[in-house]
Amino acid sequence: MSFVRYKETAEEGDVVIIYLTHESMFPLTLEAGRIFQTRFGALRHSDIIGTRFGSKVLCGGGRGYVYALHPTPELWTLTLPHRTQIVYTTDISMLTLQLDLKPGSVVVESGTGSGSVSHAVIRTIAPTGHLYTFEFHQQRAEKAREEFSDHGLSSLVTVTHRNVCTDGFGLSDVADAVFLDLPSPWEAVASAKLALKKAGGRLCSFSPCVEQIQRTCDKLRSHGFCDITTIECLLRTFDVRSIALPEPDLGRPDTCAQTQQEGGESAENFTFKSAVPPKDMPGHTGFLTFATLYPQMETS
């Protein structure tokens with residue numbers, strides 16, 4: 001089972017995303033003989049094993065059904081067990097773009113947390129890239145290492161238990177990009193600069209507070225980073241609906257008279273499609289601060 005290589009058929013031991021509704025999905029590790037209870041009734045693991053991913057699977061004796069989906073980083077972000085607050089796909093897509101990640105890139109990350117960003121980064125840099133991810137909490141680091149192994153990603157990631165703010169990354173001239181998701185990212189800037197390749201690279205820091213950004217930007221400038229930019233990603237979805245409106249009454253005498261006699265509406269309705277903005281929009285998640293370290297010039 002691998003999150004970066006698609007397979008057609010679900011097998012025992014695979015991770016499957018069980019889709020009930022758009023707001024209700026669950027990760028499930030298939031094990032013959034086990035039963036998973038859903039709102040539509042009992043779902044037998046054996047009914048999923050051997051079926052094609054994306055298939056409709058009956059549960060509860062035919063009272064309802066679910067879909068068995070192949071896991072992706074996006075689906076994993078929506079369903080993973082939370083060990084920490086996570087970064088969601090809206091921000092992940094921006095940091096992937098701004099860090100110029102591609103197959104073969106080497107990335108340094110801290111902290112690992114629940115592995116939301118890690119899975120997306122690994123999928124982007126596979127099959128020849130590598131992720132060095134650091135987590136100061138030992139149990140979280142061990143759990144992340146276990147999940148990467150279960151998801152077939154061990155060859156693409158190295159998990160290290162370390163507090164990089166005090167002990168650094170222990171890496172030099174290896175990374176194309178660095179991602180920091182820390183309470184005090186400014187304390188890791190010097191070590192991040194050392195980890196970046198001498199040919200240059202990009203750094204991203206995720207912080208929920210402006211005060212954190214101010215201190216991080218000051219530290220980035222003092223260490224020679226340029227093009228420092230802070231971005232806030234706000235997601236606004238539009239609902240496409242069919243809207244019916246009456247045809248306008250342009251004051252034609254014959255129409256008005258006919259309408260008054262019949263006591264009805266003056267014209268037939270016409271229907272059109274429109275994108276309707278939401279009444280409520282999800283608010284702030286965090287700020288993404290990006291910076292560039294240009295190639296270090298040799299001095300004679």
Side-chain angles (χ1 to χ4, degrees), residues 87-113 116-118 120-126 128-136 157-158 160 162-235 284-300:
V87 179
Y88 286 92
T89 302
T90 303
D91 292 313
I92 292 174
S93 61
M94 180 59 71
L95 74 87
T96 301
L97 171 69
Q98 292 290 335
L99 291 181
D100 192 27
L101 301 187
K102 54 187 177 296
S105 295
V106 177
V107 182
V108 172
E109 174 197 30
S110 187
T112 310
S116 173
V117 173
S118 305
V121 168
I122 293 171
R123 193 263 309 274
T124 304
I125 66 178
T128 55
H130 199 83
L131 172 67
Y132 295 91
T133 183
F134 294 80
E135 173 58 50
F136 84 96
V157 58
T158 299
T160 302
R162 178 182 294 170
N163 185 346
V164 300
C165 293
T166 57
D167 302 327
F169 291 107
L171 299 172
S172 179
D173 190 24
V174 297
D176 298 293
V178 174
F179 174 62
L180 303 176
D181 185 4
L182 302 168
S184 52
W186 56 89
E187 296 180 352
V189 168
S191 185
K193 178 180 178 180
L194 185 64
L196 286 168
K197 293 178 179 178
K198 290 184 172 60
R202 292 275 283 170
L203 179 144
C204 174
S205 174
F206 180 88
S207 299
C209 302
V210 172
E211 291 80 2
Q212 293 170 307
I213 297 171
Q214 292 172 333
R215 296 190 63 175
T216 303
C217 289
D218 288 341
K219 186 66 69 171
L220 288 169
R221 292 189 189 95
S222 68
H223 280 81
F225 284 85
C226 303
D227 303 333
I228 301 173
T229 305
T230 298
I231 298 173
E232 181 183 22
C233 300
L234 297 178
L235 180 64
H284 173 72
T285 56
F287 297 104
L288 292 168
T289 298
F290 297 97
T292 302
L293 183 65
Y294 287 107
Q296 301 174 24
M297 304 299 294
E298 298 291 341
T299 57
S300 56

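Model, not experiment: these values are computed from the prediction.
Partners of Asp100 by side chain to side chain donor-acceptor pair (under 3.5 Å), not counting sequence neighbours: none found. Remark: Lys102 pairs with no residue by the side chain to side chain donor-acceptor pair (under 3.5 Å) rule, at least two apart or across chains. With sequence neighbours left out, Tyr88 forms a ring pair (Phe, Tyr, Trp, His ring centres under 6.0 Å) with no residue at all. Scored by the side chain to side chain donor-acceptor pair (under 3.5 Å) test, Thr230 finds Thr289 as partners (sequence neighbours excluded). Listed by chain and residue number, Asp91 satisfy the side-chain contact (heavy atoms from CB on, under 4.5 Å) test with Thr285 (two or more places apart in sequence, or in another chain). Under the ring pair (Phe, Tyr, Trp, His ring centres under 6.0 Å) criterion, Tyr132 pairs with His130, sequence neighbours left out. By the ring pair (Phe, Tyr, Trp, His ring centres under 6.0 Å) test, Phe287 pairs with His284, sequence neighbours left out. The side chain to side chain donor-acceptor pair (under 3.5 Å) search around Thr160 returns none, not counting sequence neighbours.
For residues 165-178, the set of pairs meeting the side chain to side chain donor-acceptor pair (under 3.5 Å) definition, not counting sequence neighbours, comprises Asp176-Lys197. Sorted by first and then second residue, the ring pair (Phe, Tyr, Trp, His ring centres under 6.0 Å) pairs involving residues 206-234 (not counting sequence neighbours) form an empty list. Residue pairs meeting the salt bridge (Lys or Arg N to Asp or Glu O under 4.0 Å) criterion with at least one partner in residues 199-217, sequence neighbours excluded, do not occur; the list is empty.
Within the 4.5 Å cutoff, no side-chain heavy atoms of Gln98 are placed close to those of Leu288. In this structure, Phe134 and Asn163 have side chains that are not in contact, with every pair of non-hydrogen atoms separated by 4.5 Å or more. You'll find the side chain of Val121 reaches within 4.5 Å of the side chain of Leu101, heavy atoms only.
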Below 3.5 Å, can you tabulate the donor-acceptor pairs from side chains in residues 177-190 to any protein atom, sequence neighbours excluded?
from: Ser184; atom 1: OG; to: Glu187; atom 2: OE1; distance (Å): 3.2

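Formation of a donor-acceptor pair under 3.5 Å by the Glu135 side chain with backbone atoms of Gly113 is found in this model.
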